[in-house]
2 protein chains.
Amino acid sequence: MKPTKLLSIAEASARSGLPPDTLRYYDRLGLLPHLRRTSGRRRFSEDDLAALSLVVCLRDTGMPLASIRDFMRASGPGTPDARLAILRKHRAEVSARLDEYRRAERRVDFKIWYYEEAKRLGGIARLPPLSALLKQYRKETGKSTNW
Amino acid sequence: MKPTKLLSIAEASARSGLPPDTLRYYDRLGLLPHLRRTSGRRRFSEDDLAALSLVVCLRDTGMPLASIRDFMRASGPGTPDARLAILRKHRAEVSARLDEYRRAERRVDFKIWYYEEAKRLGGIARLPPLSALLKQYRKETGKSTNW
DNA sequence: CTAGCACTTGGAGCGCACTCCAAGTCAAGG
DNA sequence: CCTTGACTTGGAGTGCGCTCCAAGTGCTAG
C-alpha cells in the first residue's frame, strides 16, 4: 500500500480552509482522535482531512463540538451503534431546523413584499390593514405565510 | 380605538416564552424601540409582542442582535428602504444556509445508511470501498450525496 | 555550527448571547 | 402605615468557539 503523504498543520490548514489555531483547538478537544505526530509535530493524513470535513459538516449544522468529539471518538472496529445514535439524533435536529428556516424564509418574503408595497403606496401609513394585506399577498404571489 | 391592554414583563415573558432577563437584555440593546414604561416599569403592547416575535424569527435564523437592532430602529413613517435592504440581505443568507443544511442532511443520511450497512455486514471492516458503497447507496435509495 | 523558520505548549483574551445577582423602588393588600 | 412582592438598575459571571500570545523546540539551508 502507498505510504500516504502526511501533511503539516500549515498544509492541512490550506487544504481544509481552517486556521492552524483552529486545527490545534480541535485536536485539543479530541475531534481528531487518529491524528499522528512526528517529534511533536502534527501530521495530517487524507483520512484526517476527511474526518475534518465531516467535523465541519456537523459543526456547520449546529452540532456542539463536545458532541462531535463523542461522535469522532465512537469509532474503531466496534459496533457502529453509538455513531448511529448520535447521527440519527442530529438528523432529526437538522430536519427541525430546516423546517424552521423554511418558515422564516416565508415570513421574510412576506415582510419584503410588505415594505415593497409600502414603497409603492408612498409610506407604511398608507398600507391597508394586515388581514387585507395577507389576502392580497396570497392572491398576488400564490405564497402562504405564517404571520 | 381600544386602549390596548399593556402587559408586565412577567406576562410578556409568559406570552413570548422568553425569560424576563432576556426581554430586559433585548430592551437594553434597543431591540424594542417602542416599548413604553409607567413609573419605570416596562409595559408591553400587542405591537411589542409582534415585534418581539419578529426579533425571535430573525435571531433564530442567525441574524446578530446588533443587526436586528438596526432593523428594528429603521422604522417610523420614513422610507422602508433601510428595512428592505437588511431583509433582502438576510433573505439571501437564510437561503444560503438552507442550501447548506440540505447538503448536510444528505450527507448525514448517507452516513446513517453507511453505519446501518456496516451493522448488516457485521463490522465497518467488512464494508466494500467507498466508491462501491456510493454506487450501491444511489441504486438502493435513489438519493444522491456529496461525500 | 548557526540562523531562521515552522512548529509546539499552556494559558490568556475576545465576542456573542445570555444569565444571575445585589441593592434599590414602587404599588397594592391588610 | 407597613409589609410583600414584582419590578428596576448596573454590573459581574457563564459557556461556547475560537483567536492570540510568549516561551520553548527542532528541522533545514547556508
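Treat the numbers as computed from the prediction; the structure is a model and nothing was measured. A, B, ... follow the sequence lines: proteins, then strands. Residue 1 opens every chain.
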Open item on the list: In this structure, how many angstroms lie between the P atom of C:dA17 and the CG atom of B:L58, rounded?
Closed with: 12 Å

TODO: Can you tell me the distance, in whole Å, between the CZ atom of A:F44 and the P atom of C:dC7?
DONE: 10 Å

Task: Side-chain donor/acceptor of B:D48 to backbone N/O of B:S45, under 3.5 Å - done: yes

Task: B:D109 with B:R106: basic N within carboxylate O range, under 4.0 Å - done: no

- [ ] Please work out if A:A10 contacts a base, only the sugar-phosphate, or nothing of the nucleic acid, heavy-atom cut-off 4.0 Å.
- [x] sugar-phosphate

TODO: Could you tell me whether A:R59 contacts a base, only the sugar-phosphate backbone, or nothing, with contacts defined as non-hydrogen atoms closer than 4.0 Å?
DONE: sugar-phosphate

- [ ] Please determine if a side-chain N or O atom of A:Y25 lies less than 4.0 Å away from the OP1 or OP2 oxygen of D:dC16.
- [x] no

Open item on the list: What is the distance, to the nearest angstrom, from the CZ atom on B:R41 to the C1' atom on C:dA28?
Closed with: 11 Å

Task: A:D21 CG - D:dA22 P separation (whole Å) - done: 13 Å

Open item on the list: Can you tell me if B:T22 touches the phosphate of C:dA17, counting only side-chain N or O atoms and a distance under 4.0 Å to OP1 or OP2?
Closed with: no

Task: Nucleotide C:dT19, atom P - distance to CG of B:L23 in whole Å - done: 11 Å

Open item on the list: Using a 4.0 Å heavy-atom cut-off, does A:P64 contact any base of the nucleic acid, only the sugar-phosphate backbone, or nothing at all?
Closed with: sugar-phosphate

TODO: Report the residue (B:A66 or B:S39) whose heavy-atom-nearest nucleotide on DNA chain C is the more 5′ of the two.
DONE: B:A66

Open item on the list: Counting distance alone, no hydrogens or angles: does the base of C:dG11 have a donor or acceptor under 3.5 Å from a partner atom on the side chain of A:R28?
Closed with: yes

- [ ] Specify the separation, in whole Å, of atom CZ of A:R37 and atom C1' of D:dC27.
- [x] 17 Å

Task: Salt-bridge present (B:E100, B:R97; N to O < 4.0 Å) - done: no

TODO: Would you mind reading off the distance between A:I9 atom CD1 and D:dT19 atom P, rounded to a whole angstrom?
DONE: 14 Å

- [ ] Compare side-chain N and O positions of B:S8 against OP1 and OP2 of D:dA6 and report whether any pair is under 4.0 Å apart.
- [x] no

- [ ] Check every atom of C:dT19, C:dC18, D:dC18 against the side chain of B:Y26 and return the nucleotide holding the closest atom.
- [x] C:dC18

Open item on the list: Strictly below 4.0 Å, N to O, side chains only: are B:E116 and A:R88 in salt-bridge contact?
Closed with: yes

Open item on the list: Whole angstroms only, please: what is the CG-C1' distance between A:D60 and D:dG17?
Closed with: 12 Å

Open item on the list: Salt bridge or not between B:K119 and A:D81? Use side-chain N to carboxylate O under 4.0 Å.
Closed with: yes

Open item on the list: On the side chain of B:R42, is there an atom forming a donor-acceptor pair with the base of D:dC7 - under 3.5 Å, no angle test?
Closed with: no

